[in-house]
Amino acid sequence: AELDRALNEYAPSEHDPEHAPEDLSDLVETLSKAFGQIERALDFMRKYSDDHTEAINQFELAYELASTAITTAPEAVELRVRPYSLNFGEHSVWEPGSPFDSIPYNLFSSGIRSITVRPGLGSDEFRELLEVITLDPRTDLPPEDDLATVLWQRALAHVSLRLVSTFRLDNPEEQEA
């Protein structure tokens, strides 16, 4: 019940594709291709290293596709974070397979409900975003941090988040003591 309520809490923003008059099917297709390439790049980076020639080539292709999608969007690309996917409007643009299937879940459990990326995102900022979203909060972060905190601390100029609180007091009166 709580998950359903959290999923339905979504308040549309000015970047919501459902409220844009244009046909955005080409953008959805470009975003899907970009995320497919992102997944390939992440796989090469995981298998080899960030500085391996093929990992660099795959990353550059991913960045080019993502940049194309971002600059094609009317203003920005707002990705809705779901437990198992990233959506653009009602369209799933990335439902990653193993070992990356935990990425949307970790973002969602950190309270991130949307990630908005604006034109001007540079290669370094893109790499930093990918580095953060691939962190495993259970093993890569101290217990008091989550992915939302890390993204906020990085202060990526062309990335903004919509968050919900994941902090819950079962009995607030006990906490007052």
Side-chain angles (χ1 to χ4, degrees), residues 6-42 45 50 55-96 100 102-135 137 141 145-166:
L7 286 171
N8 292 323
E9 277 180 353
Y10 180 76
S13 77
E14 69 270 15
H15 305 296
D16 187 351
E18 290 179 13
H19 296 85
E22 307 90 57
D23 175 25
L24 298 176
S25 59
D26 290 342
L27 180 54
V28 169
E29 184 178 335
T30 304
L31 283 167
S32 295
K33 287 179 182 176
F35 277 106
Q37 184 58 44
I38 287 168
E39 194 166 340
R40 281 188 290 284
L42 291 173
M45 295 165 133
D50 290 0
I56 292 169
N57 292 340
Q58 295 296 321
F59 171 80
E60 288 173 356
L61 286 170
Y63 175 68
E64 286 176 28
L65 280 168
S67 292
T68 298
I70 294 164
T71 57
T72 303
E75 291 180 41
V77 171
E78 181 177 18
L79 300 167
R80 291 184 186 181
V81 178
R82 297 293 188 239
Y84 304 106
S85 66
L86 296 182
N87 294 0
F88 182 72
E90 294 304 314
H91 304 279
S92 174
V93 292
W94 193 38
E95 192 169 332
F100 305 111
S102 63
I103 292 173
Y105 181 82
N106 288 336
L107 291 167
F108 190 86
S109 68
S110 293
I112 300 171
R113 294 300 178 263
S114 71
I115 301 171
T116 301
V117 184
R118 290 177 302 287
L121 181 78
S123 176
D124 291 339
E125 194 175 7
F126 180 68
R127 181 179 295 275
E128 200 168 350
L129 176 62
L130 293 182
E131 286 172 3
V132 172
I133 70 169
T134 56
L135 293 173
L141 300 175
D145 283 346
D146 61 17
L147 295 176
T149 303
V150 175
L151 282 167
W152 175 76
Q153 289 170 337
R154 298 283 178 105
L156 303 174
H158 297 90
V159 177
S160 58
L161 308 173
R162 191 176 66 76
L163 307 169
V164 296
S165 175
T166 57

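Predicted model, so just to flag it, every value in this text is computed and none were measured.
In this structure, Ala69 and Leu27 approach most closely via the heavy-atom pair O-CD1, 3.1 Å. Contact record, Ala148 with Leu163: CB-CD2, 3.7 Å, taken as the closest heavy-atom pair. In plain terms, the two heavy atoms of Phe108 and Arg113 that are nearest each other are O-NH1, 2.7 Å. Of all heavy-atom pairs spanning Glu75 and Pro119, the tightest one is O-CD, 3.1 Å.
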Inset, instruction - In sequence, state the C-alpha distance, the side-chain angles, and the governing distance for Leu135 and Val150, and then conclude on side chain to side chain contact (heavy atoms under 4.5 Å, CB included). - result: CA-CA 10 Å; Leu135 293 173; Val150 175; 4.3 Å; yes
Legend entry - Check against side chain to side chain contact (heavy atoms under 4.5 Å, CB included), Thr116 and Val159: CA-CA 6 Å; Thr116 301; Val159 177; over 6 Å; no
Legend entry - Leu79/Trp94 under side chain to side chain contact (heavy atoms under 4.5 Å, CB included): CA gap, chis, key distance, verdict: CA-CA 10 Å; Leu79 300 167; Trp94 193 38; over 6 Å; no
Inset, instruction - I would like to know whether Ser92 and Tyr84 meet side chain to side chain contact (heavy atoms under 4.5 Å, CB included); could you show each step before the answer? - result: CA-CA 10 Å; Ser92 174; Tyr84 304 106; over 6 Å; no
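Put simply, the side chain of Thr72 does not reach to within 4.5 Å of the side chain of Thr30, judged on heavy atoms. Val77 has its side chain within reach of Phe88: a pair of non-hydrogen atoms, C-beta onward, lies under 4.5 Å apart. The shortest distance between side-chain heavy atoms of Thr149 and Leu141 does not fall below 4.5 Å. Looking only at side-chain heavy atoms (C-beta outward), Arg118 and Ser160 come within less than 4.5 Å of each other. Within the 4.5 Å cutoff, side-chain heavy atoms of Leu24 are placed close to those of Pro74.
The distance from the CZ atom of Phe59 to the CD atom of Glu64 is 10.5 Å, given to the nearest 0.5 Å. Between the OH atom in Tyr63 and the CD1 atom in Ile70 there is a gap of 7.5 Å [rounded to 0.5 Å]. One finds the CH2 atom of Trp152 at 12.0 Å from the CG atom of Asp146 (value rounded to the nearest 0.5 Å). Interatomic distance, OG of Ser32 versus CG of Leu86, reported as 10.5 Å (0.5 Å rounding). Here the OG atom belonging to Ser102 is positioned 9.0 Å from the CG atom belonging to Leu107, to the nearest 0.5 angstrom. Between the CZ atom in Arg162 and the CD1 atom in Ile115 there is a gap of 11.5 Å [rounded to 0.5 Å].
Judged purely by atom type and a 3.5 angstrom limit, Gln58 has no side-chain atom pairing as donor or acceptor with the backbone of Leu42.
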Hey, can you pull the donor-acceptor pairs under 3.5 Å for the side chains in residues 125-133, sequence neighbours left out?
residue	atom	partner	partner atom	Å
Glu125	OE1	His158	ND1	2.8
Glu125	OE2	Ala157	N	2.7
Glu125	OE2	His158	N	2.7
Glu128	OE2	Arg154	NH1	3.4

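The side chain to side chain donor-acceptor pair (under 3.5 Å) search around Asn106 returns none, not counting sequence neighbours.
Sparse packing is recorded around OH of Tyr105, with 12 or fewer heavy atoms of other residues, nucleotides or ligands lying under 6.0 Å away.
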